[in-house]
Amino acid sequence: MSRPFDVTVIEEKWQARWLDDGTYEVDNDDPRERFYALCMYPYPSGAAHQGHVRNYVFGDLVVRYQTMLGKAVLSPYGFDSFGLPAENAAIKAGSHPRLFTEARMHELKTSVRRLGAVYDWRREVYSHDPEYIRWSQTIFLAFLEAGLAYRAEAQVNWCPGCKTVLANEQVLADGTCERSGDLVMRRLLEQWFFKITDYAEELLTSLDDLEWPERVKTMQRNWIGRSEGVEFDLPLTYDPSKALRVFTTRPDTGFGVTYAVVAPEHPMLALLTTDNERLRVEEIVARATSISEIERTSSSSEGVAAEKRGAFTGSYVTNPFTSERVPVYVADYVLGNYGTGAIMAVPGEDERDYEFAKVHGLPVVRTVQPPEGFDGDVYTGDGPHINSGFLDGLNVTEAKAKAAEYLLSHANGVAKVNYRLRDWLVSRQRFWGCPIPVVYCDDDGIVPVPNEQLPVLAPDDVTMDQTGQSPLATHEGFLYTTCPKCGKRARRETDTMDTFTDSSWYYLRFADPFTPDKAFDPAQAAKWMPVNQYIGGIEHAILHLMYARFYLKALNDVGLATGLPREPFQRLFTQGMIRLSGSKMSKSKGNLVTPEAFYGTVGADGLRLFHLFAGPPGDDLDWTDQTLDVIDGCGRFIDRFYRLWNHYDVNFHDVEDESDFAVRQAAHRTIARVTHDFERWSYNTAVAAIMELLNTVSKAARSEHGIAPSTLEESLDIMAKLLAPMTPHITAELWEERHPDQPSVHLLSWPVADPALVAEAEVTMVVQVNGKVKARVLVAPSISDDDATAAALADADIAAALNGATPTRVVARPPRLVNIIL
RNA sequence: GCCCGGAUGGCGGAAUCGGCAGACGCGGAGGCCUCAAAAGCCUUUACUCGAGAGGGUGUGUGGGUUCGAGUCCCACUCCGGGCACCA
């Protein structure tokens with residue numbers, strides 16, 4: 001498309017200007033009201049794609065808009081620069097991940113600048129910066145000292161092909177390794193954990209006060225998975241001094257317990273297993289621990305080898321409700337790391353127990369009377385209890401309370417809250433991450449690396465080969481060191497931290513990136529925290545956002561964030577994904593439409609306007625055949641604005657008259673609309689409002705009657721200001737041409753609508769007869785019910801529609817509507 | 001299976017508090033300008049009956065509440081997402 005101006009020259013001029021002038025640099029002692037706007041820490045995967053563009057267009061609009069509102073806006077940028085893709089690329093190319101990463105960082109930085117997004121680049125941070133590593137390690141050691149970091153054995157994802165542990169995200173939905181395609185195994189390994197479960201309750205309850213999308217909050221609530229129940233003892237029949245401890249949320253179904261189950265990992269399993277049953281039990285345990293998680297969890301749905309999923313242990317326990325003995329089974333459908341790792345099984349009221357009972361021929365007792373007509377096998381709803389002794393007749397809620405009370409006094413029962421949330425496994429057997437700063441000494445055990453020896457950096461002279469093992473584990477210079485306590489030879493930890501640790505505190509370093517002697521000065525960070533507006537993709541709804549919340553709470557508790565809020569992100573906006581013919585647009589799918597394709601035609605401004613206009617920011621965006629036409633339309637709009645600005649085809653009259661008043665009203669009402677739309681994240685309607693205004697002003701200016709110069713100038717200035725956060729380049733350029741004596745449009749105040757012009761002298765009131773619109777009359781906005789009714793009945797069209805009939809009722813809702821009922 | 005979210009013209013979408021359904025844009029149709037084209041500008045565009053004036057229908061389906069429902073309530077269908085043996 002041909003443009004009436006040189007888009008590339010203008011855009012590059014202003015991008016250089018903003019950067020060189022430090023227009024969006026902001027100091028911590030800035031006296032203005034503060035606003036912290038932040039887009040999620042990006043992984044540097046190369047030049048920006050449309051997903052990035054969408055993210056940064058919204059972010060940049062917030063930054064520029066809040067600046068025009070007179071605030072000191074913190075807008076930092078940095079890179080989540082550790083991670084697997086760089087490591088894999090380096091292995092493939094036989095080079096160092098740093099080279100690959102820094103090249104990608106450069107590309108991404110160049111392309112966000114080309115988009116016109118503005119940042120305080122002095123504050124740039126990136127995860128693999130030795131300084132950043134130092135503070136990441138300091139935080140780890142503070143957690144270690146506080147007992148929030150600990151080492152334990154854990155079942156992890158093990159890829160036999162790569163001979164390494166994988167993160168959950170690296171395991172595909174079918175249970176195979178994303179890289180080698182091997183079936184991922186479970187393995188018991190010593191790993192580092194963060195005690196996020198200590199914060200389960202706070203992470204859950206403080207969600208309530210966050211201005212986050214309900215969807216994200218719900219996902220986090222589900223992930224935390226709070227459930228209230230009772231933990232109690234099932235005494236062993238052959239030795240009642242010993243007991244199997246179980247957790248249940250349905251103590252009311254206790255009379256229906258016909259067996260008990262322990263997880264294959266349960267510590268009492270050996271004790272429970274009798275010689276006769278040992279072989280079969282060991283089979284179950286071997287299978288459960290060696291097969292993939294997917295295989296273990298999917299076999300029930302497919303009914304594959306159902307009888308192999310569990311076996312009788314040979315022992316019995318006593319049901320405290322009935323005093324009857326029930327068999328104890330081992331089964332893989334009970335998890336070792338939730339609750340007590342053992343359950344009471346109630347096949348009458350639990351689907352999973354029923355499935356198992358059916359296969360193993362165990363009795364089913366129903367304890368809740370299902371409603372009439374219920375024909376299922378398992379009833380989990382409410383109803384009066386039956387077959388339940390002292391609980392008979394009670395509903396579920398009543399019976400739960402009474403049964404819990406009974407267990408408290410008869411079975412060492414205790415009310416208990418369990419969470420689905422697990423501790424955060426942070427060890428990664430990877431090279432391209434932040435090294436975990438501890439050493440292992442034969443005499444002193446786990447010894448933290450002392451502060452003055454930080455950061456612990458991975459050596460550069462490594463060969464990234466295809467063995468799949470981290471080169472740290474075999475690099476003798478790195479591996480062997482001296483124990484900080486006793487001075488003897490000791491081994492370094494060769495695992496690195498999950499990269500989610502880096503993105504859990506970067507927003508704090510952004511607030512105070514210059515402090516040389518600590519991760520951040522809480523007093524400085526407190527000036528900006530919490531982030532006023534956080535913007536990112538819905539795909540981080542659980543992991544990143546949960547981890548970052550945990551970090552700030554933990555940093556508070558270990559004394560590194562004293563005086564800071566406990567929640568990092570007050571408002572969150574999650575933008576929709578870009579889809580191309582139904583699937584997510586991504587580099588790996590090779591279906592990218594790069595932003596570069598548009599810079600020479602509609603420019604960054606046109607592309608930005610498209611992303612704002614295309615639909616609600618939170619909705620997914622379908623990239624279709626029509627999309628290119630819409631993008632052209634956005635460029636066309638900018639051209640029309642440019643031409644009107646330059647008085648192309650405009651007729652003038654000298655003195656302002658009624659037509660000018662109408663134009664001015666439209667302009668001021670648009671200020672009100674756009675401002676309101678910005679506040680409620682409705683950018684598509686804000687763009688539509690400005691388009692409407694341009695149509696109105698153009699029409700007036702091109703009419704034979706023409707427009708007063710003062711009216712045109714006022715309207716154009718208003719439009720330029722309203723457009724400034726959306727299409728920053730062209731508005732800056734035009735403003736400079738017209739107002740060379742003034743500061744840049746971006747440094748001016750956001751326009752305020754004149755209330756006198758927003759107010760309406762007359763409004764259109766709809767008159768209906770039996771709910772159908774029959775006439776429209778002009779009335780004063782403040783008209784009374786009676787006057788509105790009178791005005792409606794006086795209308796000629798209404799008189800005709802009534803045709804002499806007498807209304808049975810008139811509903812007057814002035815000034816919008818009067819409805820006459822016959 | 002459970003939990004969220006959604007369904008409006010040919011398309012993306014608008015309707016903020018229960019009150020004119022379809023703003024704005026894309027696409028289409030017709031026209032102006034031009035030797036011609038591109039660009040630009042103007043008109044028109046939910047469906048349907050009608051030459052027209054005008055009428056009827058219409059927000060996934062079926063009910064309900066109300067003077068009035070895209071909006072609220074009940075039941076359902078389809079689509080998208082999250083979680084998925086968490087006892």
Side-chain angles (χ1 to χ4, degrees), chain A residues 1-4 213-223 225-227 229 246-250 253 261 296-301 309 331-335 337-346 349-353 355-356 418-422 538-539 541-542 577 579 582 610 613-616 618-622 624-634 636-637 639-640 643 648-649 673 676-677 680 682 684-692 694-695 698-699 702 764-773 775-776 807-813 816-822:
Chain A
M1 74 190 282
S2 79
R3 310 290 303 272
E214 225 25 71
R215 186 159 62 125
V216 175
K217 293 207 234 182
T218 303
M219 281 164 71
Q220 293 216 350
R221 287 190 188 107
N222 292 342
W223 187 263
R226 185 182 199 274
S227 63
V246 296
F247 172 74
T248 184
T249 56
R250 291 292 303 273
T253 61
V261 189
R296 174 166 167 183
T297 56
S298 67
S299 45
S300 77
S301 52
R309 305 194 54 210
D332 64 5
Y333 80 93
V334 171
L335 305 175
N337 55 356
Y338 181 80
T340 61
I343 61 155
M344 62 176 222
V346 190
E349 274 87 32
D350 185 287
E351 289 279 358
R352 301 152 300 184
D353 295 342
E355 293 290 319
F356 190 82
N418 270 320
Y419 302 90
R420 214 186 67 108
L421 183 71
R422 300 294 148 76
I538 187 78
E539 64 271 22
I542 295 174
M577 284 190 309
R579 298 173 172 285
F610 161 74
F613 181 60
D619 288 6
D620 285 353
L621 174 68
D622 272 312
T624 65
D625 296 343
Q626 190 190 243
T627 301
L628 294 181
D629 286 331
V630 178
I631 294 173
D632 279 347
C634 290
R636 207 147 48 224
F637 166 77
D639 291 347
R640 291 180 61 213
R643 282 192 290 267
Y648 179 90
D649 226 9
R673 273 173 74 183
H676 183 229
D677 284 349
R680 66 184 182 116
S682 181
N684 53 329
T685 52
V687 175
I690 300 175
M691 286 175 167
E692 254 182 271
L694 181 67
N695 291 343
S698 291
K699 201 160 197 167
R702 282 156 194 253
T764 303
M765 183 175 76
V766 169
V767 184
Q768 298 177 333
V769 175
N770 285 340
K772 297 201 170 176
V773 180
R776 294 180 174 83
T808 54
R809 185 178 165 191
V810 178
V811 180
R813 290 286 179 277
R816 299 184 82 103
L817 165 143
V818 170
N819 190 9
I820 300 164
I821 320 298
L822 295 181

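As a basis for the values below, the full set of heavy atoms in this structure was taken, side chains included, without hydrogen atoms, waters or symmetry mates. The sequence lines fix the lettering, A, B, ..., with proteins before strands; numbering per chain opens at 1. Only a predicted model underlies this, so the values are computations on that prediction, with no experimental measurement involved.
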- Message: If you compare every side-chain N and O of A/Tyr333 against the phosphate oxygens of B/A87 (OP1, OP2), does one of them come in below 4.0 Å?
- Response: no
- Please report, rounded to the nearest Å, how far the P atom of B/G12 is from the CG atom of A/Asp622. 8 Å
- In whole angstroms, the gap separating C1' of B/G25 from CG of A/Leu621 amounts to 14 Å
- Query: Between B/C26 and B/U44, how far is it from one P atom to the other, in whole Å?
  - Reply: 16 Å
- Query: From the list B/A87, B/A15, B/C3, which nucleotide is the closest neighbour of the side chain of A/Thr685?
  - Reply: B/A15
- With rounding to whole Å, what would you report as the distance between B/U16 and B/A7 at their P atoms? 14 Å
- Task: For nucleotides B/C20 and B/A46, find the distance between their C1' atoms and express it as a whole number of Å.
- Result: 15 Å
- Query: Between A/Asp622 and A/Arg579, is there a side-chain N and carboxylate O pair less than 4.0 Å apart?
  - Reply: no
- Message: Both distances below 3.5 Å, Watson-Crick or wobble geometry, any strand: find the nucleotide opposite B/C32.
- Response: B/G40
- To the nearest Å, give me how far apart CG (A/Asn819) and P (B/G19) are. 13 Å
- Message: Between B/A23 and B/A14, how far apart are the two P atoms, rounded to whole Å?
- Response: 13 Å
- Message: What is the distance, to the nearest angstrom, from the CZ atom on A/Arg221 to the P atom on B/C2?
- Response: 21 Å
- Query: Once you round it to whole Å, what is the distance between C1' of B/A69 and CZ of A/Arg813?
  - Reply: 15 Å
- Message: For A/Arg809 and A/Asn819: C-alpha separation, side-chain torsions, deciding distance, then whether side chain to side chain donor-acceptor pair (under 3.5 Å) applies.
- Response: CA-CA 8 Å; A/Arg809 185 178 165 191; A/Asn819 190 9; over 6 Å; no
- Whole Å only: how far is the CD1 atom of A/Ile821 from the C1' atom of B/U66? 11 Å
- Message: Please determine whether a side-chain nitrogen or oxygen atom of A/Arg809 lies at a distance below 4.0 Å from atom OP1 or OP2 of B/C67.
- Response: yes
- Task: If the glycosidic angle is within 90 degrees of 0 it's syn, otherwise anti, so just tell me which one B/G10 is.
- Result: anti
- Message: Using a 4.0 Å heavy-atom cut-off, does A/Lys699 contact any base of the nucleic acid, only the sugar-phosphate backbone, or nothing at all?
- Response: sugar-phosphate
- Ranking B/A87, B/C24, B/G19 by distance to the side chain of A/Thr249, first place goes to B/A87
- Span that lies between the C1' atom of B/G50 and that of B/G56, in whole angstrom: 11 Å
- If you look at every strand shown and take non-hydrogen atoms under 4.0 Å, does A/Arg643 touch a base, only sugar-phosphate, or nothing? sugar-phosphate
- Are side-chain heavy atoms of A/Phe247 and A/Ile343 found at a separation under 4.5 Å? no
- Query: Expressed as a whole number of Å, how far does the C1' atom of B/G70 sit from that of B/G18?
  - Reply: 11 Å
- Just call it for A/Glu351: base, sugar-phosphate, or nothing, with non-hydrogen atoms closer than 4.0 Å on any strand. nothing
- Just how far is it from atom CG of A/Leu628 to atom CZ of A/Phe610, taken to the nearest 0.5 Å? 8.5 Å
- Item | Candidate nucleotides B/A87, B/A84, B/A14, ranked by approach to the side chain of A/Pro616 - the nearest | B/A14
- Message: For B/U57 and A/Lys772 - does any side-chain N or O of the residue sit under 4.0 Å from the phosphate oxygens OP1/OP2?
- Response: yes
- Message: Can you confirm whether more than 12 heavy atoms, excluding those of A/Arg816, are under 6.0 Å from its CZ atom?
- Response: no
- Message: Both distances below 3.5 Å, Watson-Crick or wobble geometry, any strand: find the nucleotide opposite B/U61.
- Response: B/A75
- Just compare B/G81, B/G19, B/C26 and give me whichever is closest to any side-chain atom of A/Asp629. B/C26
- When the nearest nucleotide of RNA chain B is assigned to A/Ala342 and to A/Arg702 on a heavy-atom basis, which residue is associated with the more 5' position? A/Arg702
- Nearest heavy-atom pair of A/Ser698 and A/Arg640: which atoms, and what distance? OG-NH2, 4.1 Å
- Query: Counting side-chain heavy atoms from CB outward, which of B/C3, B/G25, B/A23 is closest to A/Glu692?
  - Reply: B/A23
- Message: What's the gap between B/G9 and B/U61 when it is taken at their P atoms, as a whole Å value?
- Response: 10 Å
- Message: For A/Thr248 versus A/Met344, what's the shortest heavy-atom pair and its separation?
- Response: OG1-CE, 3.6 Å
- Query: Nearest of B/C83, B/G12, B/C24 to any side-chain atom of A/Gln626?
  - Reply: B/G12
- Message: Distance check, C1' atoms only: B/U71 and B/C33, in whole angstrom units.
- Response: 47 Å
- Please tell me which of the listed nucleotides, B/A87, B/G10, B/G82, lies nearest to the side chain of A/Leu335? B/A87
- Message: If the threshold is 4.0 Å, N to carboxylate O, is there a salt bridge linking A/Arg643 and A/Asp649?
- Response: no
- Residue matched to B/A51 through Watson-Crick or wobble contacts both under 3.5 angstrom: none
- Which base sits across from B/U66 as a Watson-Crick or G-U pair, both distances under 3.5 Å? none
- Residue whose nearest RNA chain B nucleotide is more 5′ - A/Arg640 or A/Thr248: A/Arg640
- Within the pair A/Asn684 and B/A14, is there a side-chain N or O less than 4.0 Å away from OP1 or OP2? yes
- Distance test, side-chain N/O of A/Arg579 to OP1/OP2 of B/G80, below 4.0 Å: no
- State whether A/Ser227 places a side-chain N or O below 4.0 Å from either non-bridging phosphate oxygen (OP1 or OP2) of B/A87. yes
- So, A/Ser227 and A/Tyr338: side-chain donor and acceptor under 3.5 Å apart, yes or no? yes
- For B/C17, does the O4'-C1'-N9-C4 (purine) or O4'-C1'-N1-C2 (pyrimidine) torsion place it in syn, i.e. within 90° of 0, or in anti? syn
- Would you kindly give the CG-to-P distance between A/Asp632 and B/A39, to the nearest whole Å? 10 Å
- From CZ of A/Arg636 across to P of B/A39 the rounded distance in Å is 9 Å
- Task: Quick one: label A/Asn337 by what it contacts on the DNA or RNA (base, sugar-phosphate, nothing), any heavy atom closer than 4.0 Å.
- Result: nothing
- Just name whichever nucleotide pairs with B/G1, Watson-Crick or G-U, keeping both distances under 3.5 Å, else none. B/C83
- Candidate nucleotides B/G25, B/A15, B/C3, ranked by approach to the side chain of A/Arg680 - the nearest: B/A15
- Query: Counting side-chain heavy atoms from CB outward, which of B/C24, B/C20, B/A87 is closest to A/Arg776?
  - Reply: B/C20
